[in-house]
2 protein chains.
Amino acid sequence: MSKKYEEIAEELRRRIDQGIYREGKMLPQQIALAEEFGVSRMTLKKAMDILAMEGLLFRKRGVGTFVHKSTLWNTANYKATEYRGLTVQLPDKKVESEIISFDIQFPTEKLQTLLMLDSNEAVYHIVRLRIVDKKPYILEDTYYVVDIVKNLTEEIIYESIYEYIRSNLELKVGGAYRKISADIPTELDIEHLEATDRTPILEVEQVVYLANGVPFEYSKSRSRYDMRSYTITDIIPN
Amino acid sequence: MSKKYEEIAEELRRRIDQGIYREGKMLPQQIALAEEFGVSRMTLKKAMDILAMEGLLFRKRGVGTFVHKSTLWNTANYKATEYRGLTVQLPDKKVESEIISFDIQFPTEKLQTLLMLDSNEAVYHIVRLRIVDKKPYILEDTYYVVDIVKNLTEEIIYESIYEYIRSNLELKVGGAYRKISADIPTELDIEHLEATDRTPILEVEQVVYLANGVPFEYSKSRSRYDMRSYTITDIIPN
DNA sequence: CAGTGGTCTAGACCACAGC
DNA sequence: CTGTGGTCTAGACCACTGC
């Protein structure tokens with residue numbers, strides 16, 4: 001974190017959290033804040049753009065900058081824009097894993113397309129049940145590119161794969177494409193998610209990219225309808 | 001559309017569509033493109049940022065700018081980031097509506113919070129079934145702020161409310177908060193969506209904001225699991 | 001009118017990839 | 001080392017709001 005606008009965004013986020021800036025009118029305008037942080041106005045605005053896209057701030061030309069009212073969205077149980085893995089999303093909870101299968105294979109044609117692979121570049125295939133506070137939570141069916149997510153072991157899979165990617169491999173996630181849908185339960189769902197054959201399932205299918213644009217993960221995550229939902233904050237900054 | 005970066009983004013999008021820029025390396029770099037369009041490099045980069053967030057482009061520092069491979073995501077049946085209404089999302093289809101109920105009422109406490117209203121500021125309450133190619137598609141339960149979405153009539157509701165908001169009221173949508181979940185069907189779902197009591201339902205709950213930050217719509221849209229899914233392109237531009 | 005945020009510039013400098 | 005994209009600046013000008 002050496003970029004000025006990220007640091008300023010962080011600081012502003014902190015001030016909103018702490019109630020230094022409250023619902024209603026905000027700081028002494030962009031110019032004053034730019035001066036306070038010792039940056040140009042464009043850099044300050046870029047920091048604000050981040051918070052605006054997160055839905056924390058909104059701005060009215062000719063009026064000023066305001067803190068958005070926090071609603072059910074901020075207390076939501078899961079943000080779609082979050083790649084750091086379940087361990088980070090649920091810091092208060094005990095997150096465990098049960099490994100249902102773990103092997104290495106050559107990619108299918110679909111995987112070759114989605115992950116930009118040749119047919120001889122292997123992928124890990126992992127089926128894993130995430131357990132939160134002793135309750136089955138998510139059934140993940142995941143493929144990782146072996147050349148990128150090197151040397152996966154059962155221990156890593158049992159803990160947090162994303163923590164391994166970030167800390168040990170020092171890779172940075174840059175984004176994802178996701179498809180969210182509802183579905184009828186499969187045999188595997190019924191077996192592992194404490195579902196019946198009529199429990200609706202929420203599925204998230206995704207391709208995750210590194211910051212350099214290279215895809216490294218394809219996965220489908222399934223949960224019982226009453227265990228999880230997804231929120232999206234989708235603001236176009238002015 | 002008077003902003004240069006929007007015009008440039010539009011033009012670049014067109015070039016990608018037409019295959020002038022293909023998968024692989026792209027244009028003569030930012031400086032050359034900036035010159036071509038007669039703008040500064042920062043402005044050009046801002047145009048590219050838009051396309052990067054849409055997932056069309058990705059850039060590698062030290063290398064260049066590339067067109068992203070189009071995959072199932074681009075052919076997806078519904079993008080979560082789309083406010084222009086069903087009529088626009090499904091241009092090839094015949095979209096009709098059945099109005100199940102339409103009245104005006106005072107907001108509940110929850111609505112007052114979500115839509116920033118006082119208890120005496122009325123809302124329209126509309127329950128509407130959207131029918132696509134003669135098939136029931138989405139059951140919408142929507143509240144609009146009367147002071148903003150003025151003079152709603154049954155005719156408007158029968159056609160496209162978003163078209164009315166854009167063309168007649170000349171209001172610009174700025175964003176939305178959404179929550180996507182799966183659910184068990186209600187009586188209303190079963191009655192109108194050709195569902196049984198064991199058909200999973202996909203629900204989208206949302207608050208939609210104008211470009212000036214004022215919320216004007218709260219709604220829940222429900223579909224059968226096999227009729228619809230949502231895609232999210234979620235890229236952090238470098 | 002004064003005051004707010006949004007756009008745009010021309011150029012400097014930095015970070016990273018690949019030869 | 002060269003060429004790419006990313007950051008940042010200082011300041012000009014525009015667009016909108018509200019008095």
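Just so it is clear: chains get the letters A, B, ... in the order the sequence lines come, proteins before strands, and each one is counted from 1. All heavy atoms count here, side chains included; hydrogens, waters and symmetry mates do not. Because the structure is predicted, anything quoted here is derived from the model rather than measured.
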*Asks:* Does B/Arg41 put a side-chain nitrogen or oxygen below 4.0 Å from OP1 or OP2 of C/dT9?
*Replies:* no

*Asks:* Looking at the side chain of A/Ser40, which of C/dG6, C/dT7, D/dT9 is the nearest nucleotide?
*Replies:* D/dT9

*Asks:* Give the rounded distance in Å between these two atoms: CE of B/Met42 and C1' of C/dG11.
*Replies:* 12 Å

*Asks:* Distance check needed: C/dA17 P versus A/Leu210 CG, whole Å only.
*Replies:* 12 Å

*Asks:* Figure out the CG/C1' separation between A/Leu44 and D/dC8, and round it to whole Å.
*Replies:* 13 Å

*Asks:* Tell me whether the side-chain N/O atoms of B/Lys46 come closer than 4.0 Å to OP1 or OP2 in C/dT7.
*Replies:* yes

*Asks:* With no hydrogens and no angle check, just 3.5 Å: does a side-chain donor-acceptor pair link B/Tyr164 and B/Glu159?
*Replies:* no

*Asks:* Describe the nucleic acid contact of B/Met48 in one word from base, sugar-phosphate, nothing, applying a heavy-atom distance below 4.0 Å.
*Replies:* nothing

*Asks:* Rounded off to whole Å, could you give me the CD1-to-C1' distance for the B/Ile31 and D/dG6 pair?
*Replies:* 12 Å

*Asks:* Specify the separation, in whole Å, of atom CD of A/Glu35 and atom P of D/dT9.
*Replies:* 13 Å

*Asks:* Classify the angle between the aromatic ring planes of B/His68 and A/Tyr209 as parallel (below 30°), tilted (30 to 60°) or perpendicular (above 60°).
*Replies:* perpendicular

*Asks:* Could you tell me how far apart B/Phe58 (CZ) and C/dA17 (P) are, to the nearest whole angstrom?
*Replies:* 14 Å

*Asks:* Does B/Lys4 have a side-chain nitrogen or oxygen under 4.0 Å from the phosphate oxygens OP1 or OP2 of C/dC8?
*Replies:* no

*Asks:* With nearest nucleotide decided by heavy atoms, which residue, A/Gly62 or A/Thr43, maps closer to the 5′ end of DNA chain D?
*Replies:* A/Thr43

*Asks:* Does C/dG6 have OP1 or OP2 under 4.0 Å away from a side-chain N or O of A/Gln30?
*Replies:* yes

*Asks:* What's the NZ-P distance between B/Lys45 and C/dC14, to the nearest Å?
*Replies:* 18 Å

*Asks:* Just N and O in the side chain of B/Thr65: are any of them under 4.0 Å from OP1 or OP2 of D/dG5?
*Replies:* yes

*Asks:* Between atom CZ in B/Arg59 and atom C1' in D/dG3, what is the gap in whole Å?
*Replies:* 17 Å

*Asks:* Taking side chain as C-beta onward, heavy atoms only, is B/Arg59 less than 4.5 Å from B/Leu51?
*Replies:* no

*Asks:* Would you call A/Val214 and A/Val145 a side-chain contact if the rule is heavy atoms closer than 4.5 Å?
*Replies:* no

*Asks:* If you go through the side-chain atoms of A/Arg61, does one of them form a donor-acceptor pair with the base of C/dG3 closer than 3.5 Å?
*Replies:* no

*Asks:* Is B/Lys3 close enough to C/dG6 that one of its side-chain N or O atoms is under 4.0 Å from OP1 or OP2 there?
*Replies:* no

*Asks:* At under 4.0 Å, does any side-chain N or O of A/Tyr5 touch on OP1 or OP2 of D/dC8?
*Replies:* no

*Asks:* Measure the acute angle between the ring planes of A/Tyr144 and A/Phe216, then classify it against the limits of 30° and 60° as parallel, tilted or perpendicular.
*Replies:* parallel

